[in-house]
Amino acid sequence: EALMEERPLLLNAVLLRQNPHNVAEWHKRVRLYDGRPVQQILTFTEAVKTIDPEKATAKLHTLWTEFAKFYERHGDLGNARTVFRKAFKAGFRSVDDLAQVWCDAAEMELRNKCHKEALELLQEATKEPPLAQRMGRQDDSGPPQAGLYRCLKLWSFYCDLEESLGTPESAKAVYSRILDLRIGTPQIVLNFAVMLQEAGWWEESFKVYERGVAAFKHPHSGPIWQAYVQQFLARYGGKKLERARDLFEQAVRALPAEAAKPVFLQYAQLEEEHGLVRRAMDVYQRAVEAVAQADKVSVLEAYVAKGTKFFGVGKAREVYQWAIEAEPPRGLEDAGVREVCLRFARLEQRLGEVDRVRAIFAHGSQLADPRREPRYWEEWNKFEVAHGNEDTFREMLRIKRSVTAFYSQVYVP
């Protein structure tokens with residue numbers, strides 16, 4: 001009967017003899033000794049001494065953390081801290097594993113309301129080691145302790161604690177150190193800027209955005225540019241118009257075509273509200289030329305709407321005509337030109353300009369293969385039924401046959 005009770009432990013011992021680096025079996029052995037704290041302590045101690053980090057079958061740091069939590073659950077913070085101190089010097093397979101031990105130690109201090117100790121732990125963990133140790137870590141062959149000060153997981157936790165428990169000055173110092181070490185991410189830049197803005201340090205936050213867009217290229221710089229212009233406008237509006245214009249010019253030059261649309265629209269809105277309407281029209285035209293083909297038609301419609309609002313229908317006609325005539329890549333591709341012709345024709349139809357509508361349909365028809373673009377011809381057909389006569393209808397059919405013949409001789413992928 002005693003042998004049957006000990007059977008799980010005996011099986012576990014056999015498995016550990018087969019592979020003493022099996023982390024999961026060591027955890028299981030600790031659980032098997034539930035209710036026998038002395039045996040659990042001895043098991044933890046034997047495990048961390050026996051396991052080779054390079055041969056471990058799972059995360060070795062979980063054993064160290066559970067060892068410390070064992071003492072914490074029994075109200076012995078002193079021994080829990082001693083365990084973590086030994087873990088800080090132990091061997092690990094990677095820097096992330098070691099960083100997790102430091103994070104677990106800080107979380108233990110937080111659970112026990114020892115906020116000062118938690119901050120001091122993370123300050124110690126992120127302290128830059130001597131040059132000799134750093135040089136030994138350059139090829140990732142040195143001990144993880146030498147590369148710990150560059151671990152972003154640790155720094156991110158440190159930032160969160162400083163923002164929650166420290167002062168704006170101390171949080172600013174931590175964020176600045178991350179950027180100095182060149183281990184920051186776009187999200188770190190955005191968080192840093194928001195923290196500075198909440199503290200009322202707007203100009204400092206704009207400097208952080210500048211560092212961010214200088215450090216990252218597209219696509220990572222896109223959210224930083226957008227946040228930069230949004231926060232600048234939220235802070236100053238039109239009070240610093242020339243500076244805002246310079247900022248937008250930098251942004252539209254730096255961003256590629258597929259990311260430029262929202263910034264161009266904000267730029268045009270700035271000119272509408274605080275600058276000159278004619279400058280806003282210029283920005284819209286530049287936007288149509290600069291954005292990706294997928295965005296050109298929607299930006300053009302915004303351009304037409306604003307042109308009509310400020311200058312009347314004549315401006316809308318001018319914009320549509322320019323869009324139809326402009327050549328790619330600054331202008332629209334064939335699909336975009338067809339769509340613009342249809343919209344232009346609808347505008348002229350609302351104004352009763354029948355001859356102009358017919359001329360627009362005829363112009364766009366050269367880009368509309370009837371077999372592939374039936375919608376274009378259906379719309380022209382409806383127009384002729386409503387406003388044309390027998391001669392104009394025949395002319396439409398003649399053009400349709402001519403275009404069909406042209407495309408039947410041309411390979412269209």
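Just so it is clear, the structure is predicted and the values come from calculations on it, not from any experiment.
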Return the minimal non-hydrogen interatomic distance between Ile188 and Ser156, and the atom names on each side. CD1-OG, 4.0 Å
In the structure I gave you, are the side-chain heavy atoms of Val297 and Arg343 within less than 4.5 Å of one another anywhere? yes
For the residue pair Phe311 and Met281, establish whether any side-chain heavy-atom pair is separated by less than 4.5 Å. yes
Parallel, tilted or perpendicular: which one describes the rings of Phe70 and His74, with boundaries at 30° and 60°? tilted
Using a 3.5 Å distance criterion without hydrogens, assess whether the side chain of Ser408 forms a donor-acceptor pair with backbone atoms of Ala405. yes
For Val277 and Glu271, what are the C-alpha separation, side-chain angles and deciding distance, and is it a side chain to side chain contact (heavy atoms under 4.5 Å, CB included)? CA-CA 6 Å; Val277 173; Glu271 292 292 353; over 6 Å; no
Val340 and Ala323 have their tightest heavy-atom pair at CG1-CB, 4.3 Å
Supply the atom-to-atom distance Phe67 CZ to Asn79 CG, rounded to the nearest 0.5 angstrom. 8.0 Å
I need the minimum non-hydrogen distance between His21 and Asp52, along with the two atoms involved. ND1-N, 3.0 Å
Measure the shortest side-chain to side-chain distance between Glu384 and Phe361 over non-hydrogen atoms and say whether it is less than 4.5 angstrom. no
Is the CZ atom of Arg243 crowded by more than 12 outside heavy atoms at less than 6.0 Å? yes
Should Trp64 and Asp104 count as side-chain neighbours, where that means a heavy-atom distance under 4.5 Å? no
In sequence, state the C-alpha distance, the side-chain angles, and the governing distance for Phe248 and Leu233, and then conclude on side chain to side chain contact (heavy atoms under 4.5 Å, CB included). CA-CA 11 Å; Phe248 274 111; Leu233 292 178; 3.7 Å; yes
Pairing donors with acceptors under 3.5 angstrom, does anything connect the side chains of Gln100 and Asp96? no
Is any NZ, NE, NH1 or NH2 atom of the basic residue among Glu203 and Arg235 found under 4.0 Å from an Asp or Glu carboxylate oxygen of the other? no
Shortest non-hydrogen contact from Cys151 to Ala99? SG-CB, 3.4 Å
Steps toward side chain to side chain contact (heavy atoms under 4.5 Å, CB included) verdict (Glu109, Leu119): CA-CA 9 Å; Glu109 299 292 356; Leu119 285 172; over 6 Å; no
Rounded to the nearest 0.5 Å, how far apart are CG of Leu179 and OG1 of Thr185? 9.5 Å
Could you tell me if the side chain of Lys172 sits less than 4.5 Å from the side chain of Glu162, heavy atoms only? no
Run the salt bridge (Lys or Arg N to Asp or Glu O under 4.0 Å) test on Glu107 and Lys69 for me, step by step, so that the C-alpha distance in whole Å, both residues' side-chain angles and the decisive distance to 0.1 Å come before the verdict. CA-CA 11 Å; Glu107 287 174 355; Lys69 284 182 177 179; over 6 Å; no
In terms of heavy-atom contacts, Arg338 and Tyr376 come closest through O-CE1, 4.1 Å
Hydrogens and angles aside, do Gln226 and Gln230 bring a side-chain donor and acceptor to less than 3.5 Å of each other? no
Check whether the side chains of Tyr175 and Glu163 place a donor and an acceptor atom closer than 3.5 Å, and report yes or no. yes
Pair Glu373-Trp377, side-chain donor/acceptor within less than 3.5 Å: no
Do Val213 and Tyr209 have side chains that get closer than 4.5 Å, going by heavy atoms? no
Within the supplied structure, the quantity of interest is the number of heavy atoms (other residues, nucleotides, ligands) at a distance under 6.0 Å from Lys28 NZ; does it exceed 12? no
Do side-chain atoms of Glu128 reach the backbone of Tyr149 as a donor and acceptor pair under 3.5 angstrom? no
Count the heavy atoms of every other residue, nucleotide or ligand shown that sit under 6.0 Å from CD of Glu169, and state whether that count exceeds 12. yes
For Arg111, I'd like to know if atom CZ has over 12 heavy atoms of other residues, nucleotides or ligands within 6.0 Å. yes
Keeping Ser402 on the side-chain end and Arg398 on the backbone end, is there a donor-acceptor pair under 3.5 Å? no
For Ile51 and Ala56 the tightest heavy-atom approach is CG2-CB, 3.8 Å
Report the distance from atom OG1 of Thr43 to atom NE2 of His27, rounding to the nearest 0.5 Å. 12.0 Å
List the steps, then state whether side chain to side chain contact (heavy atoms under 4.5 Å, CB included) holds for Lys315 with Tyr303. CA-CA 10 Å; Lys315 182 65 176 177; Tyr303 186 11; 3.8 Å; yes
Would you say CD of Gln123 has more than 12 non-hydrogen atoms from neighbouring residues, nucleotides or ligands within 6.0 angstrom? no
d(Gln349 CD, Arg358 CZ) to nearest 0.5 Å is 10.5 Å
I'd like to know if the side chain of Asn112 reaches the main chain of Met108, judged simply by a donor and an acceptor atom lying under 3.5 Å from each other, with no hydrogens or angles considered. yes
So Trp202 and Phe206, would you call those rings parallel, tilted or perpendicular, with 30° and 60° as cut-offs? tilted
Enter the distance from Glu210:CD to Lys207:NZ here, rounded to the nearest 0.5 Å. 10.5 Å
Quick one, Gln250 and Trp225 - any side-chain contact, counting heavy atoms below 4.5 Å? yes
Indicate yes or no: at least one non-hydrogen side-chain atom of Arg150 is less than 4.5 angstrom from one of Trp155. no
Return yes when atom NZ of Lys153 has more than 12 non-hydrogen atoms of other residues, nucleotides or ligands closer than 6.0 Å, and no otherwise. yes
Okay, side chain of Glu72, backbone of Glu66: is any donor-acceptor separation there less than 3.5 Å? no
Quick check: does any side chain N or O of Lys296 sit under 3.5 Å from a backbone N or O of Arg330, one acting as donor and the other as acceptor? yes
Might you work through the side-chain hydrogen bond (donor to acceptor under 3.5 Å, both in side chains) test for Glu272 and Tyr284, ending with a clear yes or no? CA-CA 11 Å; Glu272 286 178 47; Tyr284 277 117; 3.0 Å; yes
Can you measure from CH2 (Trp102) to CG (Leu122) and round to the nearest 0.5 angstrom? 8.5 Å
So His387 and Phe383, would you call those rings parallel, tilted or perpendicular, with 30° and 60° as cut-offs? tilted
